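Each chain gets a letter, A, B and so on, in the order the sequences are listed, and its residues count up from 1. Quantities reported herein were computed from a predicted structural model and do not represent experimental measurements.
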Amino acid sequence: MRRRENLKKYDASVIEEEILQKWEKEKIFSLKSKKSDPKFYMLEMFPYPSGEPHMGHARNYTIGDVIARVMSRKGKNVLHPIGFDAFGLPAENAAIKNGIHPKESTMSNIEKMRTALKRMGMSYDFSSEIITSEPGYYRWTQWLFLVLYGMGLAEKKEAPVNWCGSCQTVLANEQVISGRCERCSSPVEKKVLSQWFFKITGYAQRLLDDMEIIKDGWPERVLTIQRNWIGRSEGAVIDFSLYGKDCKGSDVTVPVFTTRPDTLFGATFFILAPEHPLVESIVVGDEYIKEVSRVKKLISGQSETERGDAETEKIGCFTGRFVINPLSGEKVPVWIANYVLLEYGTGAIMAVPAHDQRDFEFAKKYNIPIREVISPDGIVHENTGSAYTGEGFMVNSGQFNGLESVKGMKEVTSLLEKREKGRFEVNFRLRDWLISRQRYWGAPIPIVYCDRCGTVPVPEKDLPVLLPYNVDFRPTGLSPLAYCDDFVNTACPSCGGPARRETDTMDTFVCSSWYFLRYCSPHDDRAAFDSAEVDYWMPVDQYVGGIEHATMHLIYSRFFTKALFDRGLVKFREPYNNYFPHGVVNLGGAKMSKSKGNIVNPSEIYNKYGADTLRLYILFMGPADSPVDWSDSGAEGSYRFLGRFWRLINDNIGTIKKAGYTRGTAARLPGDREKELMGKLHRTIKKVTADILERFNFNTAISAIMELVNLACKYRDEVPEERKNVAIVKEVTIKLLLVLSPIAPFITEKLWMEAGNTASIHRVPWPDYDPEMAKEEFLTIVFQVNGKLRDRAELPADISVEEMEKAALASGKVKKFTEGRKIVKVITVPKKLVNVVVR
RNA sequence: GCGAGAGUGGCGGAAUUGGCAGACGCGCUAGACUUAGGAUCUAGUGGGCUAAAACCUGUAGGGGUUCAAGUCCCCUCUCUCGCACCA
């Protein structure tokens with residue numbers, strides 16, 4: 001065995017500390033080069049500063065960092081910024097609990113996070129950091145609110161909204177996960193409140209259409225999630241008019257949305273959502289008033305979750321009133337039912353029990369007639385056990401009888417249109433984005449209410465509307481700002497009279513809907529962003545972050561970008577050309593969580609093994625887009641690899657240095673071992689480059705590097721020192737350092753210095769591979785008989801098909817299986833195999 | 001229920017275009033060095049049958065296409081994710 005009495009042990013913490021200081025001194029965190037270089041905007045979703053970064057952050061930021069570093073080394077001018085999504089509930093909740101002001105805790109958390117990110121070797125330009133809770137940032141968030149307000153895209157309206165009783169605030173639809181609060185998991189209730197909304201629904205179609213622009217750079221599954229969320233459905237709105245002269249609203253029409261206008265003749269009843277405003281006014285007679293209010297109470301007693309569950313029993317009652325079917329003229333009874341939702345469509349439906357399972361169940365329960373109007377075979381059937389929801393031929397439908405249902409949809413709607421009783425319509429599931437929050441730690445909505453002038457936007461020159469510092473921020477259901485007289489009372493910007501400020505703050509997703517623009521000119525105090533800079537850098541070339549934001553941040557920021565495009569403020573319609581969703585990091589098969597106590601923090605790992613080990617292992621664990629399970633012994637394996645790498649490079653440096661003054665060794669002609677090593681080196685460079693930049697397969701890139709290290713170790717150990725080809729040892733050593741440097745920036749920098757370099761390795765261009773060198777001289781060719789592997793041979797890579805065949809047929813092992821049988825044919829795949837088919 | 005994706009050794013995973021299944025790593029076994037080893041190095045490691053070789057078998061299960069299937073097609077099962085009484 002070799003002796004290494006002079007070799008320093010791989011001591012990650014000493015090395016990394018030294019290198020950090022060197023970087024700090026040389027200020028080389030930023031990857032920006034010059035504007036004439038092609039730009040590359042590498043962005044990772046910025047973190048909420050919760051304290052120490054967690055493993056998910058480490059994974060997210062390591063992936064981004066590696067891509068950014070490789071791109072920079074490939075000659076790109078790289079913008080790789082970091083900042084903090086610093087407004088939000090946790091800081092405020094913590095403040096309520098322990099009395100520390102959200103600003104203090106946020107700032108101290110940011111400090112911790114910044115330090116940790118640096119410690120992990122992230123190549124951020126820390127001088128352009130942004131913090132969304134700083135007035136210098138939220139001033140422009142408020143400005144953008146006013147831009148949207150000016151475009152008519154911000155609107156205060158009364159609507160049933162999601163209320164989280166635990167967080168004491170309203171939530172956007174996207175923040176309700178199966179009836180529960182996205183943040184605290186407590187059940188969400190419905191409340192009717194007047195709140196600020198951004199009219200994202202007006203952009204629903206464009207959010208769908210513009211997927212065309214990004215479809216090559218986004219995973220299909222993310223677009224699918226967004227498509228489902230937007231939930232476009234085509235159909236018709238049909239007006240039913242209320243029947244009855246004894247009521248003042250006899251000319252009232254009630255529109256319904258349906259995707260199946262072809263089933264109109266099968267509408268045997270009609271349902272209003274219990275909360276539908278019409279319910280109050282149409283119900284007459286003590287008997288009905290009593291019954292309806294009893295059922296309404298019953299339904300409102302059901303929680304959102306319960307009512308939203310398809311398993312929940314359908315309940316409802318007859319209102320005593322009727323509507324008129326606009327085509328058949330039939331009198332149709334009006335019911336209320338828990339399964340009809342006020343928020344979707346028009347809050348009313350025509351119920352077609354024969355062709356809708358829900359209506360079917362309801363009709364069965366309450367003995368409402370079921371009438372078949374679509375028949376798969378055109379023949380009228382009696383009593384089916386369930387609703388038929390497929391296509392077919394129209395029956396029981398007057399003049400439409402015999403028509404195919406698909407055509408019927410169009411023809412029925414056209415007729416309705418002609419009679420002004422309906423029209424084609426597209427409906428979306430997407431709701432407007434509720435941005436008001438009744439909480440303190442957010443950007444104040446820059447609006448003033450004046451008795452004389454009404455709702456008045458705060459003039460641009462008066463921004464920012466500062467968040468007051470001294471506030472009692474205990475949640476009461478009203479914004480804490482409402483109790484802050486100095487804040488609330490103001491002068492109307494329009495008439496100068498007394499006025500009150502809006503006291504709600506903005507959803508933090510507003511802050512993160514434009515931060516990618518701010519990064520382009522982070523210190524600009526004259527504008528939200530500098531157009532020239534934005535024109536240069538945007539759109540983001542590669543975005544990395546968790547897929548859990550598919551229907552939130554990723555939709556909101558797409559919407560924002562489109563609004564700004566319409567306003568002429570930006571020249572692009574989509575903010576992120578490419579998006580890569582990384583997978584989560586679990587522990588013991590479950591999500592890491594404080595409450596379960598199954599947490600491994602990045603700091604534990606970098607304190608014990610160093611940041612290089614953390615980075616290497618987190619990438620090596622598995623494909624970057626799938627969930628992975630943390631394993632301590634796996635991390636140790638990565639540490640061992642770095643130790644082996646350390647010894648190899650040190651030994652090689654020794655070999656190179658020694659050869660420097662014992663002339664002659666360098667000129668040795670390459671033999672088989674050298675050719676093998678060089679071939680492997682160049683194939684490795686090729687694979688690592690493609691795996692990182694094209695496939696995001698960091699795990700296979702690393703395994704390729706490991707293979708090369710294994711081979712280089714063999715060369716070191718098995719070839720006597722005096723017979724080594726030093727030129728080749730040198731090339732392998734340098735390029736190994738280069739390909740590992742984006743992944744393990746510390747150890748490679750240290751070894752680079754040991755090898756006698758003074759400039760940072762992170763400024764050295766990415767190595768190209770030589771296609772000639774990467775070629776294999778010999779290939780293992782597989783010989784099969786009837787598709788079964790029987791033999792293999794090392795054959796020259798350029799061997800002809802005929803010679804391959806000849807070699808295969810000459811193989812003893814092949815002969816053994818072909819003997820006495822008839823060779824039907826021989827299939828030869830160049831560079832791969834020969835398959836002899838016998839009978 | 002609808003939509004999307006996945007299922008490969010003891011474990012994480014690899015196999016990029018249908019062409020050597022299990023790269024790389026963890027774990028394990030044996031050995032070397034050693035006062036010691038939880039450092040390092042060497043060898044082995046899907047299962048079966050073996051002294052060994054040879055051979056057979058093997059990618060959730062079943063069927064199919066093909067000279068050839070982890071990969072393509074059909075059915076079944078399981079898991080993950082998204083949406084979910086959306087009219």
Open item on the list: side chain to side chain contact (heavy atoms under 4.5 Å, CB included) for A/Lys832 and A/Ile781? Distances and angles first, verdict last.
Closed with: CA-CA 5 Å; A/Lys832 296 273 187 203; A/Ile781 303 299; 6.0 Å; no
Task: Which nucleotide in B/U40, B/U16, B/C24 has an atom nearest any side-chain atom of A/Arg695 - done: B/U16
- [ ] If B/G70 has a Watson-Crick or G-U wobble mate with both distances under 3.5 Å, name it; if not, just say none.
- [x] none
- [ ] Tell me the partner of B/G44, counting only Watson-Crick (N1-N3 plus N6-O4 or O6-N4) or G-U wobble (N1-O2 and O6-N3) with both under 3.5 Å; none if nothing fits.
- [x] B/C28
- [ ] Would you kindly give the CD1-to-P distance between A/Ile781 and B/A68, to the nearest whole Å?
- [x] 20 Å
- [ ] Examine B/C85: is either OP1 or OP2 under 4.0 Å from a nitrogen or oxygen in the side chain of A/Lys314? Give yes or no.
- [x] no
- [ ] Could you please name the partner base of B/G37, counting Watson-Crick and G-U wobble pairs only when both distances are under 3.5 Å?
- [x] none
TODO: Using the P atoms only, state how far B/G13 lies from B/A60, rounded to an integer number of Å.
DONE: 15 Å
Open item on the list: Which is more 5' along RNA chain B, the nucleotide nearest A/Glu220 or the one nearest A/Ala348? Just name the residue.
Closed with: A/Glu220
- [ ] Write down the distance separating the P atoms in B/G58 and B/G9, rounded off to the nearest Å.
- [x] 14 Å
Open item on the list: With a cut-off of less than 4.0 Å, is there a side-chain N or O of A/Ser233 near OP1 or OP2 of B/A87?
Closed with: yes
Open item on the list: Both distances below 3.5 Å, Watson-Crick or wobble geometry, any strand: find the nucleotide opposite B/C81.
Closed with: B/G3
Open item on the list: Under 4.0 Å, heavy atom to any atom of RNA chain B: which of residues 832-839 of chain A qualify?
Closed with: A/Lys832, A/Leu833, A/Asn835, A/Val837
Open item on the list: Using a heavy-atom cut-off of 4.0 Å across all strands, would you classify A/Asp629 as base, sugar-phosphate, or nothing?
Closed with: nothing
TODO: Take atom CE of A/Met706 and atom P of B/G25, then tell me their distance rounded to the nearest Å.
DONE: 6 Å
Open item on the list: Could you check whether A/Glu343 pairs with A/Lys190 (Lys NZ or Arg NE/NH1/NH2 to Asp/Glu carboxylate O, under 4.0 Å)?
Closed with: yes
Open item on the list: I'd like to know if A/Arg260 and A/Asp262 make a salt bridge, using a cut-off of under 4.0 Å between side-chain N and carboxylate O.
Closed with: yes
Open item on the list: Could you check whether A/Arg431 pairs with A/Glu174 (Lys NZ or Arg NE/NH1/NH2 to Asp/Glu carboxylate O, under 4.0 Å)?
Closed with: no
Task: Integer angstrom distance from the C1' of B/A15 to that of B/G70 - done: 9 Å
All N/O contacts under 3.5 Å from nucleotides 81-83 of chain B to the protein, with atom names and distances to one decimal?
{"from": "B/C83", "atom 1": "O3'", "to": "A/Arg429", "atom 2": "NH1", "distance (Å)": "2.9"}

Open item on the list: With a 4.0 Å limit, can you tell me whether A/Arg647 has a side-chain N or O closer than that to the phosphate oxygens OP1/OP2 of B/A39?
Closed with: no
Open item on the list: If you only use heavy atoms from C-beta on, which nucleotide in B/A15, B/A87, B/C24 is closest to the side chain of A/Tyr344?
Closed with: B/A87
Open item on the list: Distance check, P atoms only: B/C55 and B/G22, in whole angstrom units.
Closed with: 16 Å
Dump the pairs, protein N or O against N or O of nucleotides 27-32 of chain B, anything under 3.5 Å, distances to one decimal.
{"from": "B/G27", "atom 1": "OP2", "to": "A/Arg640", "atom 2": "NH2", "distance (Å)": "2.8"}

- [ ] Specify the glycosidic conformation (syn or anti) of B/G9, with syn defined as within 90° of 0.
- [x] syn
Open item on the list: Does a side-chain N or O of A/Arg227 approach OP1 or OP2 of B/C2 to a distance below 4.0 Å, or not?
Closed with: no
Task: Heavy-atom closest pair, residues A/Asn710 and A/Arg644 - done: OD1-NH2, 2.7 Å
TODO: Determine the interatomic distance between C1' on B/A6 and the same-named atom on B/U59; round to the nearest Å.
DONE: 13 Å
Task: Proximity to the side chain of A/Thr780 - top-ranked nucleotide from B/A23, B/C20, B/G19 - done: B/C20
TODO: Working to the nearest 0.5 Å, report the span between CE of A/Met804 and CG of A/Leu779.
DONE: 8.5 Å
Open item on the list: Looking at A/Arg232 and A/Glu234, is there a salt bridge between them, counting it only when a charged N and a carboxylate O are closer than 4.0 Å?
Closed with: yes
Open item on the list: Over 60° means perpendicular and under 30° means parallel, so tell me whether A/Phe696 and A/Phe698 are parallel, tilted or perpendicular.
Closed with: tilted
Task: Whether A/Tyr579 and A/Trp218 hold their rings parallel, tilted or perpendicular, with breakpoints at 30° and 60° - done: tilted
Task: Side chain of A/Lys687 (C-beta onward), nearest among B/G25, B/U16, B/C86 - done: B/U16
Task: Check ion pair A/Asp651-A/Arg716 (N to O, under 4.0 angstrom) - done: yes
Open item on the list: Going by purine N1 to pyrimidine N3 plus the second Watson-Crick contact, or the G-U wobble pair, all under 3.5 Å, which nucleotide sits opposite B/A52?
Closed with: none
Open item on the list: Roughly how many Å apart are B/G38 and B/U29, using the P atom of each and rounding to a whole number?
Closed with: 11 Å
Open item on the list: Please report the distance separating the P of B/C11 from the corresponding atom of B/A23, rounded so that it comes out in whole Å.
Closed with: 15 Å
Task: P-based separation of B/A54 from B/U34 [nearest Å] - done: 37 Å
Scan nucleotides 53-56 of chain B against the protein and return all N/O pairs shorter than 3.5 Å with their distances rounded to 0.1 Å.
{"from": "B/A54", "atom 1": "O2'", "to": "A/Lys816", "atom 2": "NZ", "distance (Å)": "3.3"}
{"from": "B/C56", "atom 1": "OP1", "to": "A/Arg790", "atom 2": "NH1", "distance (Å)": "3.2"}
{"from": "B/C56", "atom 1": "OP1", "to": "A/Arg790", "atom 2": "NH2", "distance (Å)": "3.1"}
{"from": "B/C56", "atom 1": "OP2", "to": "A/Arg790", "atom 2": "NH1", "distance (Å)": "3.0"}

Open item on the list: I'd like to know if A/Arg683 pairs up with A/Glu707 as an ion pair, taking the criterion as any Lys NZ or Arg NE/NH1/NH2 lying under 4.0 Å from an Asp or Glu carboxylate oxygen.
Closed with: no
TODO: Hunt down the Watson-Crick or G-U wobble partner of B/G58, both distances under 3.5 Å, from any strand shown, or write none.
DONE: none
Task: Residues forming a ring-ring contact (aromatic ring centres under 6.0 Å, His included) with A/Tyr617, sequence neighbours excluded - done: A/Trp630
Output a table of donor-acceptor pairs, distance under 3.5 Å, between side-chain atoms of residues 353-364 of chain A and any protein atom two or more places apart or on a different chain; print 'none' if there are none.
{"from": "A/His355", "atom 1": "ND1", "to": "A/Tyr388", "atom 2": "O", "distance (Å)": "2.7"}
{"from": "A/His355", "atom 1": "NE2", "to": "A/Val373", "atom 2": "N", "distance (Å)": "3.0"}
{"from": "A/His355", "atom 1": "NE2", "to": "A/Ile374", "atom 2": "N", "distance (Å)": "3.0"}
{"from": "A/Asp356", "atom 1": "OD1", "to": "A/Arg358", "atom 2": "N", "distance (Å)": "2.9"}
{"from": "A/Asp356", "atom 1": "OD1", "to": "A/Arg358", "atom 2": "NE", "distance (Å)": "3.1"}
{"from": "A/Asp356", "atom 1": "OD1", "to": "A/Asp359", "atom 2": "N", "distance (Å)": "3.1"}
{"from": "A/Asp356", "atom 1": "OD2", "to": "A/Arg358", "atom 2": "NH2", "distance (Å)": "2.5"}
{"from": "A/Gln357", "atom 1": "OE1", "to": "A/Ala387", "atom 2": "N", "distance (Å)": "3.1"}
{"from": "A/Asp359", "atom 1": "OD1", "to": "A/Tyr339", "atom 2": "OH", "distance (Å)": "2.6"}
{"from": "A/Asp359", "atom 1": "OD2", "to": "A/Val352", "atom 2": "N", "distance (Å)": "2.9"}

Open item on the list: Need one value for A/Val340: base, sugar-phosphate or nothing, where a base atom within 4.0 Å counts as base even if backbone is also close, heavy atoms only.
Closed with: base
- [ ] Please figure out whether A/Ser626 or A/Ile702 has its closest RNA chain B nucleotide nearer the 5' end.
- [x] A/Ser626
